[in-house]
Amino acid sequence: MDFERLTTVMRKLALVAGDKIMEVYTADDFEVCVKSDESPVTIADEAADAIISAGLRAAFPDVPLVTEEQAATHAQVVSTFLIVDPLDGTKEFIKRRGDFTVNIAYVADGVPVRGVVYAPAKGRLFYTDAAGQSVEEAAPFDKDAVGTTEPISVSHPDNNALLVVASKSHRDKATDDYINKYSVRDMKSAGSSLKFCLIATGEADLYPRLGRTMEWDTAAGHAVLNGAGGTVVRFDDHTTLRYGKVGFANPFFIAYAPEVVLEKP
C-alpha cells in the first residue's frame with residue numbers, strides 16, 4: 001500500500017463527505033429511515049457513503065471495501081481491506097448534537113493501521129499520517145492542501161484519578177458498574193468514534209464499551225488511537241481487538257492509554 005497516497009485520499013474524501021453531511025445537518029428538516037437492524041439512516045449517510053465508496057474504489061480498485069451502508073460488502077471474508085462508516089453517530093446527527101464523525105480506515109492483516117476521523121460539526125480532524133503517526137489538523141481545512149498539524153499522543157494517566165469517556169447514546173448499568181471499579185476523577189460523554197480520539201489526544205484515559213458495535217464503527221478511531229500510542233483490547237480476556245471477523249461484529253472492548261491498570265470484568 002502507498003501510505004502517502006492513502007492518507008491524501010482518505011483525508012480528502014472525509015472532508016468532501018463532511019461537507020455533504022453538513023448540507024443536510026443545517027437544513028430545516030431531513031427524512032429519517034429505519035434499517036433492517038432498527039438503526040436509523042438519513043440521506044446524509046447515503047450521500048456520504050456514495051462519495052467515499054466511489055473515491056476509494058477509483059483510487060484503490062484492488063483493495064476490498066467494506067462499508068456500513070452497503071450490505072453486500074458485509075459477506076466478504078477479508079483480513080486486509082478498507083472499511084467505512086460514512087456517518088458514525090447517526091443518533092447524535094438526528095438530535096443535532098454534533099458528536100458525529102466520518103470514519104475511513106485501512107486494515108492490514110486484521111490490524112487497523114491507518115485511519116481518518118472527521119467531526120465536521122465540531123471542526124476536528126484526526127488521522128494517521130503516511131508514517132503511521134496520528135495527528136490533529138487545525139481548521140479551516142483545505143481539501144487539496146494539508147494545514148497545520150500537531151502530533152497527538154496518549155496521556156500518562158494517574159490511576160488514582162482517571163479521566164473516563166463513555167457513550168452518550170449507549171450508556172447502561174453494566175458500563176457504569178465496570179467504570180466504578182476504577183478511581184475516576186472525571187467522566188465525559190461523547191458520541192461516535194470521538195471517544196477514541198479523546199484518548200488519542202490525552203483528553204481521556206479510558207473508554208470501555210459493553211455494547212454492540214461493528215468494525216466500521218471502530219476501525220478508524222482504533223487506527224488513530226494506535227498511531228497515538230494507545231491500545232484497544234477485548235473486554236473478556238484483554239487480548240488485542242482484531243478485524244476481519246465474520247460479519248464484522250465486535251465483542252465488548254476497552255480502549256485506553258497503556259499506563260492504565262485495567263480491571264478484570
Side-chain angles (χ1 to χ4, degrees), residues 35-41 45 49 64-71 73-92 99-117 126 128 164-172 174-175 177-179 190-200 204 206-228 230-256 258 260 262-265:
K35 294 189 288 189
S36 59
D37 64 358
E38 299 188 353
S39 63
V41 63
D45 299 74
D49 182 68
L65 174 64
V66 178
T67 173
E68 178 181 13
E69 302 307 332
Q70 297 176 38
T73 69
H74 304 171
Q76 298 178 87
V77 179
V78 286
S79 61
T80 297
F81 54 100
L82 291 156
I83 186 164
V84 174
D85 188 343
L87 203 174
D88 182 32
T90 302
K91 291 179 181 177
E92 305 299 321
D99 277 15
F100 52 86
T101 55
V102 179
N103 294 339
I104 310 172
Y106 175 66
V107 174
D109 295 324
V111 179
V113 295
R114 298 291 188 278
V116 57
V117 175
F126 310 88
T128 49
V164 178
V165 63
S167 174
K168 274 186 176 175
S169 299
H170 302 279
R171 187 84 169 269
D172 59 14
T175 302
D177 287 347
Y178 181 70
I179 291 171
S192 70
S193 55
L194 282 170
K195 294 181 284 293
F196 292 96
C197 297
L198 293 177
I199 299 174
L206 175 71
Y207 161 39
R209 180 58 184 264
L210 282 67
R212 175 181 171 81
T213 61
M214 305 300 288
E215 292 185 11
W216 46 77
D217 295 317
T218 62
H222 189 164
V224 169
L225 183 53
N226 280 348
T231 305
V232 185
V233 296
R234 294 173 58 108
F235 180 77
D236 54 3
D237 60 9
H238 294 178
T239 58
T240 300
L241 181 67
R242 294 188 61 81
Y243 289 74
K245 300 178 290 295
V246 175
F248 302 99
N250 284 326
F252 297 171
F253 63 81
I254 307 166
Y256 64 105
V260 172
L262 290 186
E263 296 288 344
K264 294 181 179 179

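Predicted model only: the values in this text are computed from it and were never measured. These values consider heavy atoms only, across backbone and side chains, with no hydrogens, waters or symmetry-generated copies.
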Roughly how far, to the nearest 0.5 Å, is [atom2] of [Y] from [atom1] of [X]?
X	Y	atom1	atom2	value
Asp109	Thr80	CG	OG1	4.0 Å
Leu241	Phe253	CG	CZ	7.0 Å
Thr67	Asp85	OG1	CG	7.5 Å

Of the non-hydrogen atoms in [X] and [Y], which two are nearest, and what is the gap between them?
X	Y	value
Met214	Gly247	CE-O, 3.2 Å
Asn103	Ala220	CB-CB, 3.7 Å
Gly115	Ala223	N-CB, 3.6 Å
Arg114	Thr128	CA-OG1, 3.2 Å
Asp236	Arg234	OD2-NH2, 2.8 Å
Ala200	Ala228	O-CB, 3.5 Å

Would you check if [X] and [Y] make a side-chain contact, meaning some heavy-atom pair closer than 4.5 Å?
X	Y	result
Val232	Tyr207	no
Asn250	Asp217	no
Pro208	Val164	yes
Leu210	Phe235	yes
Phe248	Val66	yes
Pro251	Lys245	yes
Leu225	Tyr256	no
Trp216	Glu69	no

N/O donor-acceptor pair under 3.5 Å between Asp88 side chain and Ser193 backbone
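Checked: pair present.
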Has the side chain of Glu68 got a donor or acceptor atom that lies under 3.5 Å from a matching backbone atom of Pro86?
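No, because the side chain of Glu68 does not come within donor-acceptor range (under 3.5 Å) of the backbone of Pro86.
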Could you go through His238 and Ile254, starting from their C-alpha distance and side-chain angles, then the distance that decides it, and tell me whether this counts as side-chain contact (heavy atoms from CB on, under 4.5 Å)?
CA-CA 8 Å; His238 294 178; Ile254 307 166; 3.8 Å; yes
For Tyr243, give me all partners under ring-ring contact (aromatic ring centres under 6.0 Å, His included), at least two apart in sequence or on another chain.
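By the ring-ring contact (aromatic ring centres under 6.0 Å, His included) rule, Tyr243 matches His222.
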Do the side-chain N and O atoms of Thr218 and Thr213 include a donor-acceptor pair separated by under 3.5 angstrom?
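No pair is found: no donor N or O on one side chain lies under 3.5 Å from an acceptor on the other.
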With sequence neighbours left out, what residues match Arg242 under salt bridge (Lys or Arg N to Asp or Glu O under 4.0 Å)?
none
The test is side-chain contact (heavy atoms from CB on, under 4.5 Å); show your working for Leu65 and Thr73 and say whether it passes.
CA-CA 7 Å; Leu65 174 64; Thr73 69; 5.6 Å; no
Would you say the rings of Tyr178 and Phe252 are close, in the sense that their centroids are separated by under 6.0 Å?
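They do not qualify: ring centres at least 6.0 Å apart.
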